[in-house]
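Data first, discussion second: the structure below is written as C-alpha cells.
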Amino acid sequence: MPSHFSCTMCGRCCRDLRLPLSLAEAADWLRDGGETQLLCDAIPWPVEPAADDRLAAYKSRRSFPAMSGTLPLRVIVTVVAAFEGPCPHLQADLRCGAYDRRPRVCRIYPAEINPFIELQPAAKLCPPEAWDERHPVLEVEGRYANASLVATIDAFRAADIHDVEAKRRLCDVLGVRTAAVANEGFVVIAPGREAMANAIAAAMRDDEVASDAASAASWTFISNRRGTRETLVSVDAKAGAPEALPALHEYLGFQAANGD
Ligand code: SF4
Ligand code: SF4
C-alpha cells in the first residue's frame with residue numbers, strides 16, 4: 001500500500017537528536033557553533049561473507065577492517081550533530097533557520113536511509129495527519145516516489161562510503177580504539193568542538209591517502225553484558241565493560257546492563 005506524506009512542520013523531528021552527518025556536513029555544523037560526537041560500533045567479522053550477501057556487502061562498504069586481539073572486525077563510525085532540546089537552528093516559528101544548508105538527513109526524514117529498513121509511519125515522529133492519503137505519494141513498495149528525495153538518499157549513502165577512510169584516520173587522530181558490539185549500543189566520543197573540528201580537518205586533508213594505523217592497532221569491544229564479553233574473550237578478542245572506557249568516552253547501550 002502506498003504511503004502518502006506531507007510535512008506539517010510540527011518541529012518534532014528537530015529536537016533531542018543525534019543527526020548522522022557526512023564529514024563535510026560535520027565541519028559545517030561545527031563552524032556554525034554546533035556540537036558533534038563520534039559513535040562507534042563494530043561487527044565481529046571472522047570470515048568474509050558470501051559474495052551474494054547484500055546486507056553484509058552494505059555493512060562492509062560502510063566500515064573499515066580492524067582487529068580485536070586475533071578476531072577480525074569491521075568498525076562503523078558515525079559522526080552526529082548532537083543536541084538536547086531544540087536544534088540550534090530551530091526557530092520560534094518552527095522553521096529551520098539553516099534551511100538551505102540543512103544536513104541531508106533532515107531533507108530525507110521521514111524516509112529511510114538504510115535500504116534494508118522498511119518505512120514504518122507509526123515509528124516516525126510525524127503526526128497522523130502528515131500521513132493522510134490525500135497527500136502526495138511518498139513511497140510505494142519500498143520505492144520512494146520523489147526523484148529529488150531519491151537523489152538525496154543516494155548522495156547520503158555515497159558520502160557515507162566516501163568518508164570511510166577519513167573516519168578511519170579520524171579514529172587515529174582522536175585515539176579511538178573502542179567500539180560497542182553492533183546492535184547492542186554505541187561508544188560515544190565527545191572530545192569537544194575545537195578538538196573535533198581540528199581532527200575532522202586533519203582526517204579530511206589526507207583524503208586520498210589510506211591509513212592502516214587504526215586497523216593495525218587492536219580494538220576493544222565494549223559491552224554492558226557479561227555474556228557478550230565472555231563470548232568475545234573466548235574467541236581471543238579484547239572486551240571490556242563500559243566502566244573501562246577512557247575519558248570523553250561514554251557507553252550508550254540499547255539494553256540494560258546484564259550479568260555484572
Ligand atoms: S538543521 Fe533544521 S531541519 Fe535539521 S534538525 Fe535543525 S532545525 Fe531541524
Ligand atoms: S516530525 Fe514529520 S511532520 Fe513534523 S516537522 Fe518533522 S518531518 Fe515534518
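These numbers come from the heavy atoms of this one structure, side chains and all, not from hydrogens, waters or symmetry mates. Just follow the structure's listing: the first ligand is 1, and inside any ligand the first atom is 1. Treat the numbers as computed from the prediction; the structure is a model and nothing was measured.
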Does a sphere of radius 6.0 Å around CD in Glu133 hold more than 12 heavy atoms from other residues, nucleotides or ligands, not counting ones at 6.0 Å or beyond? no
Check: Met196 and Ile200 side chains under 4.5 Å, non-hydrogen atoms: yes
Test salt bridge (charged side-chain N to carboxylate O under 4.0 Å, His left out) on Asp154 and Arg104 and set out the steps. CA-CA 10 Å; Asp154 287 346; Arg104 287 191 191 96; over 6 Å; no
Set out, in order, the CA-CA distance, both residues' side-chain angles and the distance that settles salt bridge (charged side-chain N to carboxylate O under 4.0 Å, His left out) for Asp163 and Arg168, then state yes or no. CA-CA 9 Å; Asp163 283 349; Arg168 186 202 317 231; over 6 Å; no
Is any N, O or S atom of His89 under 2.8 Å away from atom 2 (Fe) of ligand 1? no
Glu118 atom CD, neighbour heavy-atom count above 12 within 6.0 Å: no
Tell me, please, if Cys87 has any N/O/S atom, main chain or side chain, under 2.8 Å from atom 6 (Fe) of ligand 1? yes
Aromatic plane relationship, Trp29 with Phe83 - under 30° parallel, 30 to 60° tilted, over 60° perpendicular: parallel
Just checking Asp93: does its CG atom have more than 12 heavy atoms from other residues, nucleotides or ligands closer to it than 6.0 angstrom? yes
For atom 2 (Fe) of ligand 1, grab the closest protein heavy atom and report residue, atom and distance to one decimal in Å. Cys96 SG, 2.3 Å
Mind listing the closest non-hydrogen atom pair of Leu125 and Cys13 along with its distance? CD1-CA, 3.8 Å
Using a cut-off of 2.8 Å, find all protein N, O or S atoms closer to atom 6 (Fe) of ligand 2 than that distance. Cys13 SG
Do me a favour and list the nearest non-hydrogen protein atom to atom 4 (Fe) of ligand 1 with residue, atom name and distance? Cys106 SG, 2.3 Å
